[in-house]
Structures are given as structure tokens and as C-alpha cells.
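Taking it in order: structure first as C-alpha cells, then the write-up.
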Amino acid sequence: MPELPEVETIARGVDARVRGDRIVDVWFGTHREPFKTPAVRQAEGLHERKIVSVHRVGKHIVVELGGENDARSGKKPARTQDSAIVAQWVVHLGMTGRLLVTSPDAPVAKHTHARLRLASGRELRFVDPRRFGRLDFRDLRKGQAFAGPGAEPLAIEPAEFVQLFRGRKLAIKAALLNQTLLAGVGNIYADESLFRAGIRPRRKAGRLTRVELEKLRLALRDVLEHAIRLGGSSVSDYVDAEGVRGFFQLEHCVYQRTGEPCLRCGSTIKRIVVAGRSTHYCAHCQR
DNA sequence: CATTTCACCTGGTGGC
DNA sequence: TGCCACCAGGTGAAAT
């Protein structure tokens, strides 16, 4: 489901609704859980924490947590140092994951794997039919702070961008999808940015010129920023934290437009497979 | 090490 | 209506 613009949209929406709230009850499903940290340990760590903020790192959603969760020992939670971040809940949505803020009496969707009841009465729910998503709890006092791999496509400078691909023999499309190089780019925005930069997906990453790479960096940044403004791409079932669809799918130039005319030159959009992923491009506009 | 392939899942779609 | 093949926005382990 989600690439950088969708994850950014969701993180902003969740942040707006749960920032400052407190987790008062935690429920995890048990059926082959998509969890990095065992559900029991996550539930213990999340209980009675304050949600300080929610933001995006690459395709990950990081929930910053404060407060002492000593409710289990019967003591009242400490209120003084609430805003100091002591832990993180890291959510990766995989292909079909959703992070939803609901009212407590909203019907529980099939494939709901986690429910966090909040002091405000709302619930934060993780739903993921395909179970490619991951949930992870990190205790900062144990030095487990989350650091996403890869550079941020919205912030990377020209020289660093060039350096990422130097000497690499893999296809530029495959390189864009590699999260340890750039974090957050997936299949849609790889295809769309390569179209806008006029570069064929199968070109070897290390053979691109400095000028081409700068065109690509700017195309990627523009496409991602534009998509964020439109709330992401709703290709099948993607929705934001409120269940609202995005609109960038209406602006796709090549992605899932196989056989249709190129919006720029009119020639037919082709579909090939690169790095095991379907890849869409215009053979006339991309060289 | 760099790169490629494939398994992991459920669900939707379109052909017959 | 049903059955089946194929496709799907992501990763990371295993193979090359």
C-alpha cells in the first residue's frame, strides 16, 4: 500500500489526533503476529505511556513515547517528565497495513492486529490483511532508538545523491527501490520520477550522468511533494488515518497506464519487469 | 560484498 | 455462481 507520501499523510493525520493522548489499554492479536518485538513485550512497553508525537522516517511511522509506565506496579504514572521521550513504537505498513484512529465503538475490521485505547476515548488500530507490516517497540534507555536506513529523498543534497549511485551496476529503478540507499521510494514513485526525469528504468545506476541524476533528484522531490499535497495515491484500498482516500493516482503519468497513450507524446506506455516489480515507462520520452 | 530471486500473505479481478 | 490464474503499493533471507 504505502510509500513515502502515503506514510507521511498517515503520520500527520495520526499525530493530529493522538498527540498528547495517553495509552490506557493495549490489545494485540495472536494469530501469527506481524511483530518484530513479541506482542507481550510491546503491550507492557506501551501501557500508560504518553504519545509525545508521531512522524515518518522513510516508510516507517515512529510514535514517540514519554512517561513512566509504572502502572503495573500500582503506582500513579509520573506526570512531571511526561514529555521526555523514553521509547518508540515503530509501525511499518507493508503492502496493506493501515493505522487508524477510531471511536471505541467503531466496528473492528477483519485482520485487526493491535488496538490501543487512549485516555481521550479514541482508539489507535493497526489493520493488515496481508501481514507484511511490522510492529516494533524500542526502549531508548536500552539504546534501541530507531534509525531508518537510507537518505531522505526530500532532504538529500545533489552531491550526496550522485554519490549514492556511483559505481553501481544495478538498474536505476532497482536502486531507487533499495531502502538502504533512499528511504521511502516504492514502485509508484520510482516509475513516476523516472518518467518525469526522462530516464529509462533499466539504465545502469552508475552510468547515469551528473546532469541526469540531478534531474532525477528534482523529479523525485517534486513528485513526492505533489503527492503529499494530494494525500497520497489510493490505488486500491489505501486510506489515511481518518479513512479518507488520496488523489495522486489521478496524476500518475505512467504507473498502471500500460497500453494507454503517454500524456506527453502520445506513444503507448509499456510494461516490463525490473527487480521483480512491474515497471511502466514511455520508450519515447525516457532514454 | 553486490545483485537477483523468491517466499511471505490475503484479496480482488477477469477469463472461462 | 464457481474455479482458477494472475496481479498487487514491501521487505529480507537465500541463492548466485
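Just so you know, these numbers use all the heavy atoms, side chains as well, and skip hydrogens, waters and symmetry mates. Chain letters run A, B, ... following the sequence lines, proteins first and then strands; every chain starts at 1.
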Atom pair distance, as rounded to whole Å: [atom1] in [X] and [atom2] in [N]:
X	N	atom1	atom2	result
A:Leu181	C:dT11	CG	P	13 Å
A:Arg166	B:dA2	CZ	P	15 Å
A:Arg131	C:dA8	CZ	C1'	17 Å
A:Tyr189	C:dA8	OH	P	17 Å
A:His60	C:dG12	NE2	P	7 Å
A:Asn178	C:dG10	CG	P	13 Å
A:Arg134	C:dA13	CZ	C1'	12 Å
A:Asp128	B:dT10	CG	P	11 Å

- No-hydrogen, no-angle side-chain donor-acceptor test under 3.5 Å, A:Asp21 and A:Ser120: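 On atom types as modelled, these side chains qualify, holding a pair under 3.5 Å.
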- Task: Tell me yes or no: between the side chains of A:Asp128 and A:His113, is some donor less than 3.5 Å from an acceptor?
- Result: no
Return the nearest nucleotide to the side chain of [X]; candidates are [options].
X	options	answer
A:Arg168	B:dA2, C:dG10, B:dT10	B:dA2
A:Tyr255	C:dG10, C:dA8, B:dT3	C:dA8
A:Gln179	C:dG10, C:dT11, B:dT10	C:dT11

- A:Arg277 side-chain N/O to C:dG10 phosphate OP1/OP2 under 4.0 Å: yes
- Query: OP1 or OP2 of B:dG11 sitting under 4.0 Å from any side-chain N/O of A:Lys110?
  - Reply: yes
- Establish whether A:Ile199 and A:Leu224 are linked, either directly or via other cluster members, by ILVMFWY side-chain heavy-atom contacts under 4.5 Å. yes
- Please say whether more than 12 non-hydrogen atoms of neighbouring residues, nucleotides or ligands are located less than 6.0 Å from NE2 in A:His284.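 No, NE2 of A:His284 has 12 or fewer neighbouring heavy atoms, counting only those of other groups under 6.0 Å.
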- Base, sugar-phosphate, or nothing for A:Gly186, non-hydrogen atoms under 4.0 angstrom?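 Result for A:Gly186 = sugar-phosphate.
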- Message: Does the structure show A:Phe132 stacking with C:dT11, if we require the centres to be closer than 5.5 Å and the planes to be within less than 30 degrees of parallel?
- Response: no
- Would you confirm whether the ring centroid of A:Phe126 sits within less than 6.0 angstrom of the ring centroid of A:Phe35?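 No, ring centres 6.0 Å or more apart.
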- Could you say whether A:Lys36 or A:Arg271 is positioned toward the 5' end of DNA chain C, judged by the nucleotide with the nearest heavy atom to each?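 The residue whose closest nucleotide sits nearer the 5' end is A:Arg271.
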